[in-house]
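Beneath this line is the structure, given in structure tokens, with notes to follow.
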Amino acid sequence: MPELPEVETVARGLQARVAGRRIVSVTLRQTDFMDDPVAIEQELPGRTIERVERFGKFMLLRLTTIEQQREKITTESQRHREKDGKRTELEEPDQGRDGVGGGSKSNTSGENARALLVHLGMTGNLAPHFAEQPVAKHTHATFVLDDGRELRYIDPRRFGRMAYLSGETLAAELHRFGADPLLVGADEFAERIRGSKARIKALLLDQSVLRGVGNIYADESLWKAKIHPAKQGGQLKREETDRLLAALKNILQKAIEMRGSSISDFVDADGFAGDYQQHHKVYGRDGKKCFRCGAKIRWMVVAGRSSHFCPVCQRAPRGMAGRRKKTKRARRVETSKG
DNA sequence: CTCGATCCCTGGACGC
DNA sequence: TGCGTCCAGGGATCGA
């Protein structure tokens, strides 16, 4: 399940594999998870993938503008002609402008920015394939590249999202999200957490507070920081938010180093699984012993998500003791009895 | 503002 | 073996 470290892993892989390649054509199959499939079909062909970045749980495939694409083609044909000894003044290199491969700020932001946003959801996979490789079931988008390979988006559950956005629309979309947990400072983090009555687990998962944290890394960082998931953000002391942020950064960085967690079927752009799931301390360990104190790891629903925690290390907030939340299953059992 | 509930979707696990 | 049911998850949305 791709969260920040998994998306970072995929984005790095794609940056290495497909950055600089031009999209020749686009084929879409099921499009119900795309914002505007027609825009994707019409706007992508002819553009070059300049760079692949992670933004929260999104991948951003930065694309050239049509103007830049023209310059690029002109430069290429110019290079060919120079080789042939033919050269015209019309094709003098334009030093003053940001061309492709020139200034890094060329089209990454501002009015001319263009990008394909890809959210992998639960089961999404975006990776280059050789054209002769069989097309997997649930392949919903195929981007043919100028070297003959195909960038394919495969997503059985279609919980992902794909959108082609540009200019102010792109800026507005990115603006909806909170700080990157790897970059946010302790003051800003404390401010965002402590000013809220929502539970800390909900805050960690709220993409408008922090972008990129999902269920696994929320649980793991809360365990490491010894904070109960149901504690209100506003109840946390400054010392606790500091501890939590340090835990979060530490865990996310380690997970990135290990190329993410492969829980169900996550693989990166090269088809490799991650290794971090072997280092999970609480996630998926309900009923097993806490690595720190030996108590049994417990499971409960917090903020609508399954949450794993140590009842001893992560003390329940006041007023919660003895009143366990009923799970869906417990409720169903009750109803069926009555 | 914050909550839970509900929907989306499919494959895998599990029970009978 | 085969069928039904439940469940996972992120995010949007809605009503309380």
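Given the structure is predicted, the values throughout are model-derived calculations rather than measurements. Note: hydrogens, waters and symmetry copies are ignored here, and every other heavy atom, side chains too, is used. Here is how names work: the chains are called A, B, and so on, in the same order as the sequence lines, proteins then strands, and each is numbered from 1.
In this structure, A:Ser306 reaches the C:dG9 phosphate: one of its side-chain N or O atoms is under 4.0 Å from OP1 or OP2. Taking side-chain N and O atoms only, A:Tyr283 has no distance below 4.0 Å to OP1 or OP2 of C:dA8. Distances shorter than 4.0 Å separate some side-chain N or O of A:Ser196 from OP1 or OP2 on B:dT2. Distances shown here put every side-chain N or O of A:Arg158 at or beyond 4.0 Å from the OP1 or OP2 atom of B:dC8.
Counting only N and O atoms by type, the side chains of A:Gln30 and A:Arg158 include a donor and acceptor under 3.5 Å apart.
Grouping Ile, Leu, Val, Met, Phe, Trp and Tyr by side-chain contacts under 4.5 Å, direct or through others, puts A:Val144 with A:Val24.
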Provide a list of protein-nucleic acid N or O atom pairs under 3.5 angstrom, restricted to nucleotides 11-15 of chain C.
from   : atom 1 : to       : atom 2 : distance (Å)
C:dG11 : OP1    : A:His119 : NE2    : 3.0
C:dG11 : OP2    : A:Lys57  : NZ     : 3.4
C:dG11 : N7     : A:Arg305 : NH2    : 3.1
C:dA12 : OP1    : A:Arg176 : NH2    : 3.1

Mind listing the N/O atom pairs, protein and nucleotides 11-14 of chain B, below 3.5 Å?
from   : atom 1 : to       : atom 2 : distance (Å)
B:dG11 : OP1    : A:His138 : NE2    : 2.7

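A straight line from NZ of A:Lys197 to P of B:dG4 spans 15 Å, rounded to a whole angstrom. C:dA8 atom P lies 15 Å from atom CD of A:Glu3, rounded to whole Å. To the nearest angstrom, P of B:dC3 lies 12 Å from CE of A:Met300. The nearest whole Å value for the distance from the OH atom in A:Tyr217 to the P atom in C:dG9 is 14 Å. Rounded to whole Å, the distance from CD on A:Gln232 to C1' on B:dT2 is 10 Å. The separation between A:Asp206 atom CG and C:dG9 atom P is 18 Å, rounded to whole Å. In this structure, the CG atom of A:Asn125 is 17 Å from the P atom of B:dT10, given to the nearest Å.
A donor-acceptor pair is defined here as one N or O able to donate and one able to accept, closer than 3.5 Å; such a pair exists between the side chain of A:Gln207 and the backbone of A:Gly212.
The side-chain heavy atoms of A:Leu4 and A:Val213, taken from C-beta on, include no pair separated by under 4.5 Å.
Counting only residues at least two apart or in different chains, ring-ring contact (aromatic ring centres under 6.0 Å, His included) contacts with residues 152-174 of chain A comprise A:Phe33-A:Tyr153. For residues 176-198 of chain A, every residue pair satisfying the salt bridge (charged side-chain N to carboxylate O under 4.0 Å, His left out) rule, not counting sequence neighbours, is listed here: A:Arg54-A:Asp180, A:Glu173-A:Arg176, A:Asp180-A:Arg211, A:Asp187-A:Arg238, A:Glu188-A:Arg192.
Heavy-atom nearest nucleotides on DNA chain B were determined for A:Ala198 and for A:Asp32, and the one closer to the 5' end corresponds to A:Ala198.
Between A:Tyr283 and A:His280, the angle of the ring planes goes over 60°, which puts this pair in the perpendicular group of the 30/60° scheme.
Within 4.0 Å (heavy atoms only), A:Asp155 reaches no atom of the nucleic acid at all. Residue A:Gly160 is out of contact with every strand shown, counting any heavy-atom pair closer than 4.0 Å.
Salt-bridge check for A:Glu150 with A:Arg152: passed, with a basic side-chain N closer than 4.0 Å to an acidic carboxylate O. Ion pair A:Arg12/A:Glu8 flagged as a salt bridge, since at least one NZ, NE, NH1 or NH2 atom sits closer than 4.0 Å to an Asp/Glu carboxylate oxygen.
Both tests hold for A:Arg292 against A:Trp223: distance to the six-membered ring centre under 6.0 Å, angle to the ring axis within 45°.
A:Ile154 and A:Met59 are assigned to two separate hydrophobic clusters, defined by single-linkage of ILVMFWY side chains at heavy-atom distances under 4.5 Å.
Note that the two end axes of the helix from B:dT2-C:dA16 to B:dC16-C:dG2 enclose an angle of 50°, each drawn from 5 base pairs, rounded to 10 degrees.
Taking the six-membered ring wherever Trp is involved, the centroid distance between the rings of A:Phe58 and A:Phe177 falls below 6.0 Å.
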